[in-house]
Participant: 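Please see the structure below; I have some questions.
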Amino acid sequence: EAQLVESGGGLVQPGGSLRLSCAASGLTFEKYTIGWFRQAPGKEREGIASIDLKTGRTYYVDSLRGRFAISSDNAKNTVYLQMNSLKPEDTANYYCAADPDLNKIRLGVPLQQLYVWGQGTLVTVSS
């Protein structure tokens with residue numbers, strides 16, 4: 001059974017950094033695109049970044065490009081999200097999702113239409 005497990009969230013002060021991890025199991029890692037998303041209370045889901053594990057090509061939402069960086073370690077079946085210069089408005093539940101179809105990840109289709117997704121890890125940016 002395919003599974004994604006996020007970790008690395010927590011409380012961080014404004015201006016700080018965190019690195020989130022998305023560990024995959026039960027799937028052929030290199031055949032998928034994995035995307036990071038976030039959802040704050042009362043707000044819609046927002047796409048952050050994605051990585052095509054077949055090619056290594058990365059994609060970002062323009063508003064977060066430069067502060068956030070996605071990467072992968074194929075030997076560990078893990079995708080990372082490095083978040084720098086964090087702001088209070090970055091507070092949200094961050095989760096990852098995987099699908100063989102790059103466009104479904106990039107277009108942000110409903111989670112139920114994706115192959116697998118995790119439960120998320122909570123990031124709180126506060127002083």
Side-chain angles (χ1 to χ4, degrees):
E1 178 183 358
Q3 188 176 17
L4 299 178
V5 178
E6 303 92 340
S7 62
L11 175 64
V12 61
Q13 293 188 344
S17 298
L18 280 177
R19 188 178 79 157
L20 306 183
S21 299
C22 170
S25 60
L27 52 81
T28 304
F29 193 67
E30 293 81 5
K31 291 187 176 180
Y32 288 82
T33 291
I34 290 183
W36 280 101
F37 303 86
R38 67 183 182 183
Q39 188 164 19
K43 295 188 177 181
E44 293 188 354
R45 184 185 71 173
E46 178 182 18
I48 301 170
S50 57
I51 183 167
D52 181 344
L53 295 168
K54 297 183 289 291
T55 65
R57 188 169 180 179
T58 58
Y59 305 86
Y60 294 90
V61 63
D62 287 343
S63 61
L64 295 175
R65 186 190 303 271
R67 287 200 301 127
F68 289 13
I70 191 170
S71 63
S72 70
D73 184 336
N74 288 19
K76 295 183 178 180
N77 282 10
T78 300
V79 170
Y80 303 99
L81 184 68
Q82 177 68 42
M83 307 187 296
N84 300 322
S85 303
L86 285 163
K87 306 174 182 180
E89 51 264 42
D90 294 318
T91 295
N93 186 46
Y94 286 71
Y95 57 96
C96 55
D99 198 274
D101 188 337
L102 165 67
N103 289 323
K104 289 172 69 177
I105 293 287
R106 296 193 64 200
L107 290 172
V109 302
L111 280 183
Q112 293 75 9
Q113 297 182 21
L114 299 175
Y115 183 70
V116 63
W117 59 92
Q119 293 303 306
T121 184
L122 184 62
V123 172
T124 303
V125 185
S126 174
S127 55

Participant: Output the distance between atom OH (Y95) and atom CG (L4), rounded to the nearest 0.5 Å.
Facilitator: 12.5 Å

Participant: Rounded to the nearest 0.5 Å, what separation is found between the OH atom of Y60 and the CD1 atom of I51?
Facilitator: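 The CD1 atom of I51 is 7.5 Å from OH of Y60, to the nearest 0.5 Å.
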
Participant: Taking the side chain as everything from C-beta on, heavy atoms only, tell me whether W36 gets closer than 4.5 Å to C22.
Facilitator: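 Answer yes - side chains close enough.
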
Participant: Verify the cluster assignment for L20 and V61: are they in a single hydrophobic cluster under the rule of side-chain heavy atoms below 4.5 Å apart?
Facilitator: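 Yes, one cluster joins them.
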
Participant: Considering non-hydrogen atoms only, spot the tightest contact between F37 and G108 and give its length.
Facilitator: CE2-CA, 4.5 Å

Participant: Between E30 and N74, does a side-chain contact (heavy atoms from CB on, under 4.5 Å) hold up when you go through it step by step?
Facilitator: CA-CA 7 Å; E30 293 81 5; N74 288 19; 3.6 Å; yes

Participant: Do other residues, nucleotides or ligands put more than 12 heavy atoms under 6.0 Å from the CD atom of E44?
Facilitator: no

Participant: Just how far is it from atom CG of L11 to atom OG of S126, taken to the nearest 0.5 Å?
Facilitator: 6.0 Å

Participant: What are the two closest heavy atoms between S127 and P14, and how far apart are they?
Facilitator: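 So the minimum-distance heavy-atom pair works out to N-CD, 3.7 Å.
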
Participant: Looking only at atom types and distance, does a side-chain atom of T121 sit under 3.5 Å from a main-chain N or O of G9, one as donor and one as acceptor?
Facilitator: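 Confirmed, T121 side chain pairs with G9 backbone.
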
Participant: Under 4.5 Å between side-chain heavy atoms, counting indirect links through other Ile/Leu/Val/Met/Phe/Trp/Tyr residues: same cluster for L102 and I70 or not?
Facilitator: no

Participant: Has the side chain of R106 got a donor or acceptor atom that lies under 3.5 Å from a matching backbone atom of D101?
Facilitator: no

Participant: Quick one: pull up CD in Q82 and OG in S71 and give me the separation to the nearest 0.5 Å.
Facilitator: 8.0 Å

Participant: Counting only heavy atoms from other residues, nucleotides and ligands, does the tally under 6.0 Å from NZ of K54 exceed 12?
Facilitator: yes

Participant: Please report the shortest heavy-atom distance between S50 and T33, naming the atom on each side.
Facilitator: CB-CG2, 4.1 Å

Participant: Hey, are D73 and T78 close enough side-chain-wise for a donor-acceptor pair under 3.5 Å?
Facilitator: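 No - no donor-acceptor pair under 3.5 Å links their side chains.
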
Participant: Any donor-acceptor pair under 3.5 Å linking the side-chain atoms of R38 with those of Y94?
Facilitator: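 There is such a pair (donor and acceptor under 3.5 Å, judged by atom type) between the side chains of Y94 and R38.
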
Participant: What is the minimum heavy-atom distance between S17 and N84, and which atoms define it?
Facilitator: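 In this case the closest contact between S17 and N84 is OG-OD1, 3.0 Å.
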
Participant: If you take all heavy atoms of V116 and L27, which pair is closest and at what distance?
Facilitator: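 The answer is CG1-CD2, 4.0 Å.
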
Participant: Ignoring hydrogens, what is the shortest heavy-atom contact between V109 and R45? Give both atom names and the distance.
Facilitator: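 It is O-NH2, 2.7 Å.
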
Participant: So, does T55 use its side chain to make a donor-acceptor pair with the main chain of R57 at under 3.5 Å?
Facilitator: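 A pair under 3.5 Å: yes.
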
Participant: Would a 4.5 Å heavy-atom cut-off, applied to side chains only, mark R67 and D90 as touching?
Facilitator: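 Yes. Closest side-chain heavy atoms under 4.5 Å.
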
Participant: Below 4.5 Å, heavy atoms only, C-beta onward: do S63 and E46 meet side chain to side chain?
Facilitator: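 Sidechains of E46 and S63: in contact.
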
Participant: Verify, without hydrogens or angle tests, whether E6 (side chain) and Q119 (backbone) share a donor-acceptor contact under 3.5 angstrom.
Facilitator: yes

Participant: Quick check for you: to the nearest 0.5 Å, what is the distance between I105 atom CD1 and L114 atom CG?
Facilitator: 4.5 Å

Participant: Flag the pair K104 and D99 as a salt bridge only when some basic side-chain nitrogen lies within less than 4.0 angstrom of an acidic carboxylate oxygen.
Facilitator: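 Counted as a salt bridge, because a side-chain N and a carboxylate O are separated by less than 4.0 Å.
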
Participant: Hey, are the side chains of S72 and Y80 touching, using non-hydrogen atoms and a 4.5 Å cut-off?
Facilitator: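 Not touching, per the 4.5 Å side-chain cut-off.
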
Participant: Less than 4.0 angstrom from a charged side-chain N to a carboxylate O is my criterion; do R65 and D62 meet it?
Facilitator: yes

Participant: Please step through side-chain contact (heavy atoms from CB on, under 4.5 Å) for the pair T91 and V123, ending with a clear verdict.
Facilitator: CA-CA 5 Å; T91 295; V123 172; 5.9 Å; no

Participant: Taking the side chain as C-beta and beyond, is there a heavy-atom pair between F29 and I34 under 4.5 Å?
Facilitator: yes

Participant: Kindly indicate whether the side chain of Y32, heavy atoms from C-beta on, has any atom under 4.5 Å from the side chain of V79.
Facilitator: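 No, their side chains stay 4.5 Å or more apart.
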
Participant: Nearest 0.5 Å please: distance from the CG atom of N77 over to the CG atom of L53.
Facilitator: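 N77 CG to L53 CG: 9.0 Å, rounded to 0.5 Å.
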
Participant: Does any non-hydrogen side-chain atom of L81 lie less than 4.5 Å from one of R19?
Facilitator: no

